[in-house]
2 protein chains.
Amino acid sequence: MPAQRVDQAIEAIRASGSRVTVDRRAVVEALDRSGDHLTAEQLAEAVWVRHPDINLATVYRTLELLERLEIAFHVHLGHGPSRWHLAGDVHHHLVCEICNRVVEIPDSTFDPLRKRLLDDTGFVIDPHHFSLSGTCAACAADADR
Amino acid sequence: MPAQRVDQAIEAIRASGSRVTVDRRAVVEALDRSGDHLTAEQLAEAVWVRHPDINLATVYRTLELLERLEIAFHVHLGHGPSRWHLAGDVHHHLVCEICNRVVEIPDSTFDPLRKRLLDDTGFVIDPHHFSLSGTCAACAADADR
DNA sequence: TTCCGTGCAAACAATTTGCAATAGA
DNA sequence: TCTATTGCAAATTGTTTGCACGGAA
C-alpha cells in the first residue's frame with residue numbers, strides 16, 4: 001500500500017493549516033515513488049515526468065514545508081547537495097571517501113554510542129542528519145597493497 | 001613551541017615539490033595561531049591582519065594544497081561553510097541542532113562503534129570529517145518541559 | 001473573496017576557475 | 001630562466017527570496 005504514506009503526508013499538510021495543492025501533492029508522490037537519497041534537482045526531474053511545469057523553487061519550498069512538518073528530511077551524504085527522503089525507516093549511511101560507495105546501516109548500530117554520549121555529555125544524538133565518512137572494505141584493501 | 005607545527009608544514013610543502021611562498025606561509029601561520037573551527041573566510045581575515053593583500057582565492061587554493069598534503073583538514077559542523085584546522089589532535093564534534101552549541105568529544109569515544117562497523121561491514125570510519133548532530137543537554141531539557 | 005502558493009528572475013553564499021602578470025627555485 | 005603561483009573577475013553550484021499573478025478554501 002504505497003499510497004498510504006502519500007495520504008498521510010497530504011493529511012498532515014492539511015492539518016497544519018497549509019493548503020493542499022497540485023504541486024505539493026506532486027512532490028510528495030515523487031518522493032514516495034523514488035526511494036531514498038534524491039537531491040532536490042533529481043526530485044524535480046522525478047516530478048517533471050508527470051508535471052513538467054512545476055518550478056524548481058516550488059520543489060525547494062515544498063521540501064522546506066515537509067521538513068517543518070516532519071514529513072520529509074534531508075541528509076548530507078559526503079560533499080555535494082542535500083539528499084531528501086520521506087520520514088520512515090530510519091537508517092544511516094557510511095560514505096566511502098575514495099569511491100563514494102554508500103553503505104546503509106541500521107539505526108540500532110548507534111545505540112551503544114548513543115547511550116555513552118548521553119551519559120557522558122547529556123547530548124542526544126540524531127546521527128541521521130549527517131553521514132559517517134571513511135574507507136569502504138574494498139578501498140581499504142586497495143590501500144593496503 | 002608553537003612554531004614547530006608551522007615549520008613542519010612548510011617543510012612538507014617543500015618536500016612535496018611545491019613552492020614555499022609568502023602567501024602559503026601566511027595561511028599556515030594564521031591556521032596555527034587561530035585554534036580550530038575557522039571558516040575559509042575567517043581564516044582569510046586572520047591572514048589579513050598581517051598580510052592584507054592576500055587574495056581569498058589564494059587562501060582556498062592553499063587550503064586545498066594543505067589538505068592534499070594532509071597538513072590541514074576541513075570538517076562539516078552542521079550547516080554552513082566548512083571549518084578548517086591543522087592536523088593534530090583528533091577530536092570530534094556534536095552540534096546541537098537547536099542552539100548550535102558544539103561539544104567536543106575525544107576520538108576514543110568512537111572505538112566501540114569503529115570496531116563494530118569494521119567487523120560488520122569492513123568499513124573503516126573516519127568520523128572526523130562530519131560532525132554528529134542532535135540535541136544538547138540544555139535544549140533536550142527545554143524540550144521536555 | 002481572501003490570502004496562500006507559485007513562477008520567474010534575480011540575489012545569494014561558498015567555492016572554483018581562466019588567464020595574464022609575478023615571483024620562487 | 002622557467003614554470004608554479006597569484007590576483008582579479010567571472011563562472012559555478014546549490015539554494016533562497018521579492019514580487020506580481022493565480023488558484024485553494
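Below, each value reflects all heavy atoms present in this structure, side chains not excepted, and no hydrogens, waters or symmetry copies. Within every chain, numbering begins at 1; the chains are lettered A, B, ... in the order of the sequence lines, protein sequences first and strands thereafter.
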- When Ile, Leu, Val, Met, Phe, Trp and Tyr are grouped by side-chain heavy atoms lying under 4.5 Å apart, directly or through other members, which residues fall in the same group as V124(A)? L118(A)

- Query: So, do H37(B) and H74(B) have ring centers that fall under 6.0 Å from each other?
  - Reply: no

- Message: Please determine whether a side-chain nitrogen or oxygen atom of N55(B) lies at a distance below 4.0 Å from atom OP1 or OP2 of dT6(D).
- Response: no

- Could you list all the side chain to side chain donor-acceptor pair (under 3.5 Å) pairs where at least one residue sits in residues 109-122 of chain B, not counting sequence neighbours? D107(B)-R114(B), D111(B)-R114(B), K115(B)-D119(B), R116(B)-D120(B)

- Base-contact (B) and sugar-phosphate-only (S) positions in nucleotides 12-22 of chain D, heavy-atom cut-off under 4.0 Å, - elsewhere: --SSBBB----

- With sequence neighbours left out, write down each residue that passes ring pair (Phe, Tyr, Trp, His ring centres under 6.0 Å) with F130(A), or none if nothing qualifies. H76(A)

- With sequence neighbours left out, the residues meeting ring pair (Phe, Tyr, Trp, His ring centres under 6.0 Å) with F110(A) are H92(A)

side-chain hydrogen bond (donor to acceptor under 3.5 Å, both in side chains) with [X]: which residues, sequence neighbours excluded?
X: N100(B); answer: none
X: D7(A); answer: none
X: N55(B); answer: none

- Note on the structure: H51(B) atom NE2 is separated from dG7(D) atom P, nearest whole Å, by 11 Å

- Task: Report yes if the side chains of D32(B) and L86(B) come closer than 4.5 Å at any heavy-atom pair, otherwise no.
- Result: yes

- Query: Does one hydrophobic cluster hold both L77(B) and L43(B), with members joined at side-chain heavy-atom distances below 4.5 Å?
  - Reply: no

- Task: Could you list the residues that satisfy side-chain contact (heavy atoms from CB on, under 4.5 Å) with F73(B), not counting sequence neighbours?
- Result: E67(B), E70(B), H85(B), A87(B)

- Note on the structure: Its 5'-most and 3'-most nucleotides having an atom under 4.0 Å from a non-hydrogen atom of chain B, DNA chain C is contacted over dA14(C) to dA25(C)

- Is the shortest distance from a Lys or Arg side-chain nitrogen in R61(B) or E64(B) to a carboxylate oxygen in the other one below 4.0 Å? no

- Query: What closest approach, in Å, do T135(A) and C96(A) show between heavy atoms, and which atom pair accounts for it?
  - Reply: CA-SG, 4.1 Å

- Query: Got a minute to check which stems DNA chain D is part of, using Watson-Crick or G-U wobble pairs under 3.5 Å, three or more consecutive?
  - Reply: C:1-11 with D:15-25, C:16-25 with D:1-10

- What are the residues of residues 20-28 of chain A, sorted by number, that bring a heavy atom to within less than 4.0 Å of DNA chain C? T21(A), D23(A), R24(A)

